[in-house]
Every structure is written in C-alpha cells, then in structure tokens.
Amino acid sequence: QVHPVESGGGLVQPGGSLKLSCTTSGVRLDSHVIGWFRQAPGKEREWVSCIGTTGVFLYYGDSVKGRFTVSRDNAKNTVYLEMNNMKAEDAAVYYCAAKYTQSGIVCYGKAAEYDYWGQGTRVTVSS
C-alpha cells in the first residue's frame, strides 16, 4: 500500500510562490507515476500535472502551464510541485496521487487512473 502525504501548503499572496511536496514511507515512489490534482470549494477535482517514474515525462493542465513545475527526486522519495506567479484561482486543496507502473513512458491525466491518494494540503491565495 502506498500512502502519499502532501505538505507545503499555506497562505501565499497573488504573484507569490509555493512549493508542495509529496512523499510516502515504506514504499518507493520511483515505480509510481505521480499526479497532482486540486479541488476548490464547489468545484470538481481538477488535474494539475503528472510526472512519470523517471521524471522525463511530465505534463501540465492548461491553467497552470508555464507557472507550475513538477519534479521528482527519487533518491529522496519525493515529488514536488513548484507553483509560481500564483493567482486567486489557484486556491484549492492540492492532492498527490500515485499509480504503480512498470513503464517509464507514461503519465496519467485522469483521477480514475490513480490508485493511491493523499489527504491533501490546502493552498490559499490572498493578499
């Protein structure tokens, strides 16, 4: 069982930056595709980004492209989501999700494709 744990959420001003982390204990994440999702109050869960097992394959949703950067440090068993130039509409609970794969060339953009989910970390964007 993989139990992802997110951290790094908090309050940030518009235009500011925040870096989220996703890690787990006891299980290596380097055999898992990691997806980042977010859900704002009253809205559906939105796919933000995904990163393949080697970190080569990574993709972004249109709303964050050019502002967010996903990366992973497999030696630290951690995946990051660096968020820059943040906007009010980025405020949400951010979740990381994991899916085991033996392929290094896949990435998933749908919530239903992931097997393990973290509890989320809240990001607030406000001046």
Side-chain angles (χ1 to χ4, degrees):
Q1 285 285 324
V2 178
H3 299 286
V5 177
E6 306 92 340
S7 62
L11 174 65
V12 62
Q13 292 185 343
S17 299
L18 208 59
K19 189 172 184 177
L20 306 182
S21 299
C22 174
T23 189
T24 187
S25 59
V27 176
R28 298 295 307 173
L29 280 181
D30 54 9
S31 57
H32 293 77
V33 169
I34 300 298
W36 285 98
F37 294 80
R38 67 186 183 185
Q39 189 166 18
K43 295 188 176 181
E44 294 186 354
R45 188 166 294 190
E46 176 189 9
W47 171 70
V48 174
S49 179
C50 66
I51 185 166
T53 57
T54 63
V56 173
F57 285 81
L58 40 92
Y59 298 94
Y60 301 94
D62 289 340
S63 61
V64 306
K65 200 173 295 182
R67 300 187 298 119
F68 289 14
T69 302
V70 64
S71 62
R72 66 191 305 158
D73 185 339
N74 286 337
K76 295 183 177 179
N77 208 37
T78 302
V79 175
Y80 304 98
L81 182 69
E82 184 171 2
M83 306 182 292
N84 298 311
N85 189 21
M86 296 188 69
K87 305 175 181 180
E89 52 264 41
D90 294 323
V93 176
Y94 283 72
Y95 301 89
C96 70
K99 179 177 177 63
Y100 174 80
T101 179
Q102 293 182 322
S103 173
I105 57 172
V106 295
C107 203
Y108 305 103
K110 296 182 179 180
E113 293 172 309
Y114 290 86
D115 300 314
Y116 308 104
W117 289 81
Q119 293 299 307
T121 185
R122 185 174 299 278
V123 172
T124 303
V125 183
S126 176
S127 56

Tightest non-hydrogen contact, residues Val2 and Pro4, listed as O-CD, 3.4 Å
Aromatic ring proximity, centroids under 6.0 angstrom, Trp117 and Phe37 = yes
Rounded to the nearest 0.5 Å, how far apart are CG of Asp73 and CG of Leu29?
-> 11.0 Å
Please round to the nearest 0.5 Å and tell me the distance separating atom OG1 of Thr23 and atom CZ of Arg72.
-> 10.5 Å
Enter the distance from Trp36:CH2 to Ser49:OG here, rounded to the nearest 0.5 Å.
-> 9.5 Å
Option passing side chain to side chain contact (heavy atoms under 4.5 Å, CB included) with Val64 (candidates Asn84, Leu81, Thr69, Val48) | Val48
Please determine, by modelled atom types, if Glu46 and Ser63 share a side-chain donor-acceptor pair under 3.5 angstrom.
-> yes
Where do Val33 and Val106 land on the side chain to side chain contact (heavy atoms under 4.5 Å, CB included) test, with the steps shown first?
-> CA-CA 7 Å; Val33 169; Val106 295; 3.9 Å; yes
Go through His32 and Val27 one step at a time and tell me if the side chain to side chain contact (heavy atoms under 4.5 Å, CB included) criterion holds.
-> CA-CA 10 Å; His32 293 77; Val27 176; 4.0 Å; yes
Can you check whether Cys22 reaches Leu20 side chain to side chain, under 4.5 Å on heavy atoms?
-> no
Going hydrophobic residue to hydrophobic residue with side-chain gaps under 4.5 angstrom, can you get from Tyr108 over to Tyr59?
-> yes
Give the minimum heavy-atom separation between Asn85 and Ser17, together with the two atoms involved.
-> N-OG, 4.3 Å
Could you tell me the separation between the OG1 atom of Thr24 and the CD1 atom of Ile34, rounded to the nearest 0.5 Å?
-> 8.5 Å
Is there side-chain contact between Thr121 and Tyr95, with heavy atoms separated by less than 4.5 Å?
-> no
Supply the atom-to-atom distance Ser103 OG to Phe57 CZ, rounded to the nearest 0.5 angstrom.
-> 8.0 Å
Sequence neighbours left out, what passes side chain to side chain donor-acceptor pair (under 3.5 Å) with Tyr94? Give chain and number order.
-> Arg38
Correct closest heavy-atom pair for Gln119 and Glu6 would be N-OE1, 3.2 Å
Do Val93 and Trp47 sit in the same hydrophobic cluster, where Ile, Leu, Val, Met, Phe, Trp and Tyr count as joined when their side-chain heavy atoms come under 4.5 Å apart?
-> yes
Closest approach of Met86 and Asp90, non-hydrogen atoms and distance?
-> CA-OD2, 3.4 Å
Around atom CZ of Arg28, are there more than 12 heavy atoms of other residues, nucleotides or ligands at under 6.0 Å?
-> yes
Check whether any side-chain heavy atom of Lys76 sits under 4.5 Å from a side-chain heavy atom of Asn74, and report yes or no.
-> no
Report the C-alpha separation of Tyr100 and Tyr116 in whole Å, then their side-chain angles, then the decisive distance to 0.1 Å, and conclude whether the ring-ring contact (aromatic ring centres under 6.0 Å, His included) test is met.
-> CA-CA 9 Å; Tyr100 174 80; Tyr116 308 104; 9.3 Å; no
If you count the non-hydrogen atoms of other residues, nucleotides and ligands that lie under 6.0 Å from CD in Glu89, is the total more than 12?
-> yes
Would you please test Val123 and Leu18 for side chain to side chain contact (heavy atoms under 4.5 Å, CB included) and show each step?
-> CA-CA 9 Å; Val123 172; Leu18 208 59; 3.9 Å; yes
Do Ile105 and Ile51 sit in the same hydrophobic cluster, where Ile, Leu, Val, Met, Phe, Trp and Tyr count as joined when their side-chain heavy atoms come under 4.5 Å apart?
-> no
Kindly compute the distance separating NZ (Lys99) from OG (Ser31), expressed to the nearest 0.5 Å.
-> 12.0 Å
Identify the heavy atoms of Val70 and Cys50 that sit nearest to each other, and give their distance.
-> CG1-O, 3.9 Å
For Ala40 against Ala91, the heavy-atom pair lying closest together = CB-O, 3.6 Å
Before accepting this row, confirm whether a basic side-chain N of the pair Asp62/Lys65 lies closer than 4.0 Å to the acidic partner's carboxylate O.
-> yes
Verdict with supporting geometry, Ser126 and Leu11, side chain to side chain contact (heavy atoms under 4.5 Å, CB included) = CA-CA 7 Å; Ser126 176; Leu11 174 65; 4.1 Å; yes
